[in-house]
Amino acid sequence: MTTMRTPTNHSAGHRLAYDDADSPSAMHADCEAAERNLGLDRLHRIAVAASAPPPSIRFADYPREVAKPQIEISEAAARLAGALHLHLD
């Protein structure tokens with residue numbers, strides 16, 4: 001696991017915006033660690049989903065006959081509903 005490092009202070013009280021003295025592979029590893037820590041992959045997925053075309057509202061794009069889901073009520077749930085005076089029909 002790569003950990004992020006702080007930039008090197010080249011003189012007392014003076015700090016560079018980034019660490020040019022580091023190797024490109026080390027700076028790339030720092031960027032990947034920052035991406036993981038900030039959750040940028042999640043933000044990227046959100047951006048892709050937000051820029052996707054909207055779903056179709058055309059009637060022809062959906063099936064005409066859609067079966068309603070069946071809800072099964074267990075015997076225990078029916079007893080509990082009866083005790084609470086609820087009617088599960």
Side-chain angles (χ1 to χ4, degrees):
M1 182 167 127
T2 305
T3 58
M4 292 177 53
R5 294 169 308 196
T6 57
T8 306
N9 289 332
H10 293 282
S11 63
H14 185 270
R15 179 177 151 176
L16 294 177
Y18 51 89
D19 194 359
D20 271 340
D22 220 349
S23 69
S25 62
M27 289 190 291
H28 185 265
D30 287 345
C31 289
E32 287 178 337
E35 179 182 8
R36 280 191 307 276
N37 290 333
L38 293 174
L40 297 181
D41 56 333
R42 180 181 64 87
L43 295 176
H44 177 70
R45 287 193 310 267
I46 292 170
V48 168
S51 62
S56 173
I57 58 171
R58 293 181 50 215
F59 182 76
D61 292 337
Y62 294 94
R64 298 197 194 312
E65 295 295 324
V66 178
K68 291 183 180 180
Q70 295 296 321
I71 299 174
E72 294 184 23
I73 301 170
S74 68
E75 188 176 325
R79 282 196 315 267
L80 182 59
L84 295 172
H85 303 290
L86 301 174
H87 300 286
L88 300 175
D89 294 334

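No experiment lies behind these values; they were computed from the predicted model shown. FYI, side chains are in, hydrogens and waters are out, and symmetry mates aren't considered; it's all heavy atoms of this structure.
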Please identify each residue that fulfils side-chain hydrogen bond (donor to acceptor under 3.5 Å, both in side chains) with S25, with sequence neighbours left out. S23

Quiz: residues 72-83 side-chain donor-acceptor pairs under 3.5 angstrom, not counting sequence neighbours:
residue: S74; atom: OG; partner: A77; partner atom: N; Å: 3.2
residue: E75; atom: OE2; partner: R79; partner atom: NH1; Å: 3.3

Without placing hydrogens or testing angles, list every side-chain donor-acceptor pair under 3.5 Å for residues 52-60, not counting sequence neighbours.
residue: S56; atom: OG; partner: R58; partner atom: N; Å: 3.0
residue: S56; atom: OG; partner: D61; partner atom: OD2; Å: 2.3

